[in-house]
Amino acid sequence: MKTRIFVFSILMMFVLSTSVQMLAQERKQTKKERKEAKKEQQKKEQAALFEITKQLIKDSAFVVAADRIAFKQGQSFTVSQTLNFLRVYKGEGVLQIAPINSPNLGANGLGGVTMKGPLTQYEITEKGNNIYVRITLKGTLGTAMINLSVYGGNNAVVDVSGLFSGKAFTLYGQLEHLNDVRIFEGTSY
């Protein structure tokens, strides 16, 4: 009888330890599966966002509200998205920077420059999950050549050159629908 109880106890311990190991392995698989499912969900969301972004570019109705600006000398500044942007709408564009963020400084009254005018060039190129747009904006200040690069859904880089010779500055931000962004346009020249 004691032998049976002993054998039964050992058998129960073996079954319990095996069950605990199996539960731990299931938990690990579940975490891994959850992580993979989360990655897959993020990919789907990014793909959907990219399709929306692509349509906004094709409709030429969008705003890139910049949260960072870099000048050709290498200085980089965090800036206000309401004052630093590229807006494109149906053949007209507005390019505004106000890195100083001080009233009454700069030509636009916001601490920078605002250029508004017609778009004379608007060429879209798509390579994989990236979109490139070449834009020429004519204004009273001159002509700005703008290279817009969009990647990762709606992340945008706006390279501006031609205003005062060579690369002038680069804006970094998100490409959004016109109604989804609050911007404040200064006096344009």
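Since this is a predicted model, take the numbers as computed values, not measurements. What you see below is based on every heavy atom in this structure, not just the backbone, and it leaves out hydrogens, waters and symmetry mates.
Cluster annotation: Ile57 and Tyr132 are assigned to distinct hydrophobic clusters (Ile/Leu/Val/Met/Phe/Trp/Tyr, side-chain heavy-atom contacts under 4.5 Å, transitive). Placement of Phe77 and Val113 within a single hydrophobic cluster is found when ILVMFWY residues are connected by side-chain heavy-atom separations under 4.5 Å, directly or transitively. Linking ILVMFWY side-chain heavy atoms closer than 4.5 Å, directly or via other members, places Ile97 and Tyr172 in two distinct hydrophobic clusters. Cluster membership check: Val157 does not share its hydrophobic cluster with Phe71, using side-chain heavy-atom separations under 4.5 Å among Ile, Leu, Val, Met, Phe, Trp and Tyr.
Taking 4.5 Å as the limit, some side-chain heavy atom of Val88 sits within range of a side-chain heavy atom of Leu119. Contact annotation: the side chain of Asn130 never approaches that of Val150 to less than 4.5 Å [non-hydrogen atoms, C-beta and beyond]. Looking at heavy atoms from C-beta onward, Gln121 lies in side-chain contact with Glu123 at the 4.5 angstrom threshold. With a 4.5 Å cut-off on side-chain heavy atoms, Val160 and Met145 do not count as touching. When side chains are defined from C-beta on, Leu137 does not count as touching Thr143, because their heavy atoms never get closer than 4.5 Å.
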Side chain to side chain donor-acceptor pair (under 3.5 Å) between Glu51 and Gln55, worked out
CA-CA 6 Å; Glu51 290 302 317; Gln55 191 60 47; over 6 Å; no
Given Val133 and Thr125, is the side-chain contact (heavy atoms from CB on, under 4.5 Å) satisfied, shown in steps?
CA-CA 6 Å; Val133 185; Thr125 306; over 6 Å; no
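Between Phe62 and Tyr122, the two ring planes are tilted [angle within 30° to 60°].
Judged as a side chain to side chain contact (heavy atoms under 4.5 Å, CB included), and not counting sequence neighbours, the contacts of Gln42 are Lys38. Partners of Thr78 according to the side chain to side chain contact (heavy atoms under 4.5 Å, CB included) rule, which considers only residues two or more places apart in sequence or in another chain, do not exist here. Among residues two or more places apart in sequence or in another chain, the side chain to side chain donor-acceptor pair (under 3.5 Å) test is passed with Asp67 by none. Legend: residues meeting side chain to side chain donor-acceptor pair (under 3.5 Å) with Asp180, ordered by chain and number and at least two apart, are absent. Residues satisfying the side chain to side chain donor-acceptor pair (under 3.5 Å) test with Glu176, not counting sequence neighbours, are Asn154. Under the side chain to side chain contact (heavy atoms under 4.5 Å, CB included) criterion, Ala66 pairs with Asn84, Leu171, not counting sequence neighbours. Judged as a salt bridge (Lys or Arg N to Asp or Glu O under 4.0 Å), and not counting sequence neighbours, the contacts of Glu126 are Lys54. Under the rule for a side chain to side chain contact (heavy atoms under 4.5 Å, CB included), the partners of Glu36 that lie at least two apart in sequence or sit in another chain are Lys32.
Applying the under-4.5 Å side-chain rule to Ile, Leu, Val, Met, Phe, Trp and Tyr, the cluster around Leu49 consists of that residue alone. Other residues sharing the hydrophobic cluster of Phe85, ordered by chain and number and joined by side-chain separations under 4.5 Å: Val63, Tyr89, Val94, Leu178, Val181, Ile183.
Residues His177 and Leu56 share a closest heavy-atom pair of CD2-CD2, 3.4 Å. In plain terms, the two heavy atoms of Ser60 and Gly91 that are nearest each other are OG-N, 4.3 Å. Here the closest non-hydrogen pair linking Thr53 and Gly153 is OG1-O, 3.1 Å.
A salt bridge (charged side-chain N to carboxylate O under 4.0 Å, His left out) check over residues 74-88, counting only residues at least two apart or in different chains, returns the pairs Arg87-Glu185. Counting only residues at least two apart or on different chains, the side-chain hydrogen bond (donor to acceptor under 3.5 Å, both in side chains) pairs with a member in residues 90-100 are Gln96-Thr114.
Between the side chain of Thr170 and the backbone N or O of Asp159, no donor-acceptor pair lies under 3.5 Å.
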